[in-house]
Enquirer: 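Have a look at this one before I ask anything.
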Amino acid sequence: MARKHKTTTNNTIGTRSTVNLCAFWAMAIAALMYLFSGLVHFLITVFESIKASKSAAVLAKLVTIGNFLGNIALIVAIAIPAWHYAKGRGKNWRICYWIALVVFALGVVLGMLGGLL
């Protein structure tokens with residue numbers, strides 16, 4: 001006897017939807033960026049120990065860029081489901097959503113700029 005699969009159209013956990021797809025790929029990209037940044041940070045400590053400060057400075061900028069890309073991916077993973085939550089709750093929830101999103105994105109950008117300077 002063949003199994004019958006039940007498909008749903010709502011955005012619950014476990015269904016195939018754009019929200020789940022974005023969340024998955026954002027998590028995967030963020031994980032890769034943080035892994036890349038950690039490996040490069042290890043190389044920075046190696047270069048600093050052998051007195052190659054210019055190479056360490058270039059690698060430090062790569063770490064900052066990798067962390068920035070990871071944070072952008074996490075913004076995508078968080079922002080889309082949060083919007084689906086807030087849009088059905090009323091005007092005040094949508095206003096709070098946009099304020100929180102702008103503050104979060106601004107914090108990520110300022111964090112990146114601080115690492116590059």
Enquirer: Any link between Val40 and Ile50 through a network of hydrophobic side chains (Ile, Leu, Val, Met, Phe, Trp, Tyr) touching at under 4.5 Å?
Expert: yes

Enquirer: If you link I, L, V, M, F, W and Y whenever their side-chain heavy atoms are under 4.5 Å apart, who else ends up in the same group as Tyr85?
Expert: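 Besides Tyr85, the hydrophobic cluster comprises Trp93, listed by chain and residue number.
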
Enquirer: Write out all pairs satisfying ring pair (Phe, Tyr, Trp, His ring centres under 6.0 Å) with one or both partners inside residues 49-73, taking only residues at least two apart or from two chains.
Expert: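 Sorted result for residues 49-73: empty, none.
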
Enquirer: State yes or no: do Trp83 and Phe104 share one hydrophobic cluster built from I, L, V, M, F, W and Y residues joined by side-chain heavy-atom distances below 4.5 Å, directly or via other members?
Expert: yes

Enquirer: Can you name the closest pair of heavy atoms from Lys87 and Arg94 and give their distance?
Expert: O-NH1, 3.3 Å

Enquirer: Could you tell me the separation between the CG atom of Asn67 and the CG atom of Leu74, rounded to the nearest 0.5 Å?
Expert: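 The distance works out to 10.5 Å.
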
Enquirer: Tyr34 and Leu59: same hydrophobic cluster, using ILVMFWY side-chain contacts below 4.5 Å?
Expert: no

Enquirer: Checking one residue: Ile99. Which other hydrophobic residues are in its cluster under the side-chain 4.5 Å linking rule?
Expert: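 Ile95, Val103, all in the cluster of Ile99.
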
Enquirer: How close do Ala86 and Tyr97 get, counting heavy atoms only, and between which atoms?
Expert: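 Residues Ala86 and Tyr97, closest heavy atoms: CB-CB, 3.9 Å.
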
Enquirer: Kindly work out whether a path of hydrophobic side-chain contacts (I/L/V/M/F/W/Y, heavy atoms less than 4.5 Å apart) joins Phe36 to Ile44.
Expert: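 Phe36 and Ile44: one cluster.
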
Enquirer: For Ala77, check side chain to side chain contact (heavy atoms under 4.5 Å, CB included) against everything at least two apart and list the hits.
Expert: Ala26

Enquirer: According to a hydrophobic-cluster definition based on side-chain heavy atoms being under 4.5 Å apart (Ile, Leu, Val, Met, Phe, Trp, Tyr only), do Ile75 and Trp98 belong together?
Expert: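 Yes, it is one cluster - the side chains of Ile75 and Trp98 are joined through contacts under 4.5 Å.
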
Enquirer: Could you work out the complete set of other residues in the hydrophobic cluster of Phe42, with links drawn between I, L, V, M, F, W and Y side chains under 4.5 Å apart?
Expert: Val46

Enquirer: Looking at CD1 of Ile78 and CG of Asn71, how far apart are the two atoms once the value is rounded to the nearest 0.5 Å?
Expert: 9.0 Å

Enquirer: Search all heavy atoms of Ala30 against all heavy atoms of Gly70 and return the closest pair with its distance.
Expert: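 Where Ala30 meets Gly70 most closely, the heavy atoms are CB-O, 3.6 Å.
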
Enquirer: Please enumerate all residues that pass side chain to side chain contact (heavy atoms under 4.5 Å, CB included) together with Ile29, with sequence neighbours excluded.
Expert: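 With sequence neighbours excluded, Ile29 shows a side chain to side chain contact (heavy atoms under 4.5 Å, CB included) to Met33, Ala73, given in chain and number order.
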
